[in-house]
A.B. asks: 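Just passing along the structure, written as structure tokens.
Every heavy atom of this structure was used, including side-chain atoms; hydrogens, water molecules and symmetry mates were not. Please read all numbers here as calculations on a predicted model, not as lab measurements.
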Amino acid sequence: MIRKLQELGCDMEGSMGRFLNDQEFYKECFLKFVEERELEKLGSVIVSGDVEEAFAQAHSLKGTLGNLGLTPIYNQMVDIVELLRQGEMSGVPQRYQELMKEWEQYKNLR
């Protein structure tokens, strides 16, 4: 899985440092993140139009994505967070859909 994530452009070297080079622990955390479906839950909040809650969730997800080293998705989440930080929902649903298309490549990794 680590090799596949590297091929997708993820910062596995940096992540492994944060996970004390414990690949099994990393895998456990990654799979838990996938199972909890937090990215999917963000979509419901975006649809509801609650900018403050969407910002809070997106900001939290940005941190998790950064810690996991999922750089391509992290970069997309940064864009979403910055729009929401400005109190803007305009453009967020489209960016979220782009992020979720990218996420398809990750969520089935084992």
A.B. asks: First locate atom CE of Met12, then atom CD1 of Ile2, and finally report the distance between them rounded to the nearest 0.5 Å.
C.D. replies: 3.5 Å
A.B. asks: Do the side chain of Ser60 and the main chain of Ala56 share a donor and acceptor less than 3.5 angstrom apart?
C.D. replies: no
A.B. asks: Distance from Met77 atom CE to Leu61 atom CG, nearest 0.5 Å?
C.D. replies: 4.5 Å
A.B. asks: Rounded at 0.5 Å granularity, tell me how far CG in Leu31 sits from CD in Glu35.
C.D. replies: 6.0 Å
A.B. asks: Inspect the surroundings of CD in Glu13 and state if more than 12 heavy atoms from other residues, nucleotides or ligands are less than 6.0 Å away.
C.D. replies: no
A.B. asks: So, are Glu38 and Lys41 salt-bridged, with charged N and O less than 4.0 Å apart?
C.D. replies: yes
A.B. asks: Can you confirm whether Leu70 sits close enough to Thr64 that some side-chain heavy atom of one is under 4.5 Å from a side-chain heavy atom of the other?
C.D. replies: no
A.B. asks: So how far is it from Phe19 CZ to Leu68 CG, rounded to the nearest 0.5 Å?
C.D. replies: 5.0 Å
A.B. asks: Answer yes or no: is there a side-chain heavy-atom contact under 4.5 Å between Val45 and Phe55?
C.D. replies: no
A.B. asks: Would you mind reporting whether Pro72 and Cys10 have side-chain heavy atoms less than 4.5 Å apart?
C.D. replies: yes
A.B. asks: Between Arg3 and Glu7, is there a side-chain N and carboxylate O pair less than 4.0 Å apart?
C.D. replies: yes
A.B. asks: Give me the one residue out of Ile80, Val81, Leu42 that meets side-chain contact (heavy atoms from CB on, under 4.5 Å) with Gln57.
C.D. replies: Leu42
A.B. asks: Are Asp50 and Met89 packed together at the side-chain level, in the sense that at least one heavy-atom pair is separated by less than 4.5 angstrom?
C.D. replies: no
A.B. asks: Among Lys62, Arg95, Arg85, which residue meets the salt bridge (Lys or Arg N to Asp or Glu O under 4.0 Å) test with Asp79?
C.D. replies: Arg95
A.B. asks: What's the spacing between Met1 CE and Tyr26 OH if we round to 0.5 Å?
C.D. replies: 6.5 Å
A.B. asks: Atom CG of Leu39 and atom CG of Leu65: how far apart are they, to the nearest 0.5 Å?
C.D. replies: 5.5 Å
A.B. asks: Is there a side-chain contact between Tyr106 and Leu5, using heavy atoms and a 4.5 Å cut-off?
C.D. replies: yes
A.B. asks: Output yes when Lys107 and Glu104 qualify as a salt bridge under the 4.0 Å nitrogen-oxygen rule, no when they do not.
C.D. replies: yes
A.B. asks: Classify the angle between the aromatic ring planes of Trp103 and Phe33 as parallel (below 30°), tilted (30 to 60°) or perpendicular (above 60°).
C.D. replies: perpendicular
A.B. asks: Taking Ser48 for its side chain and Ile46 for its backbone only, find out whether a donor-acceptor pair lies under 3.5 Å.
C.D. replies: no
A.B. asks: Given side-chain contact (heavy atoms from CB on, under 4.5 Å), test Val51 with Val92 step by step and report yes or no.
C.D. replies: CA-CA 10 Å; Val51 175; Val92 171; over 6 Å; no
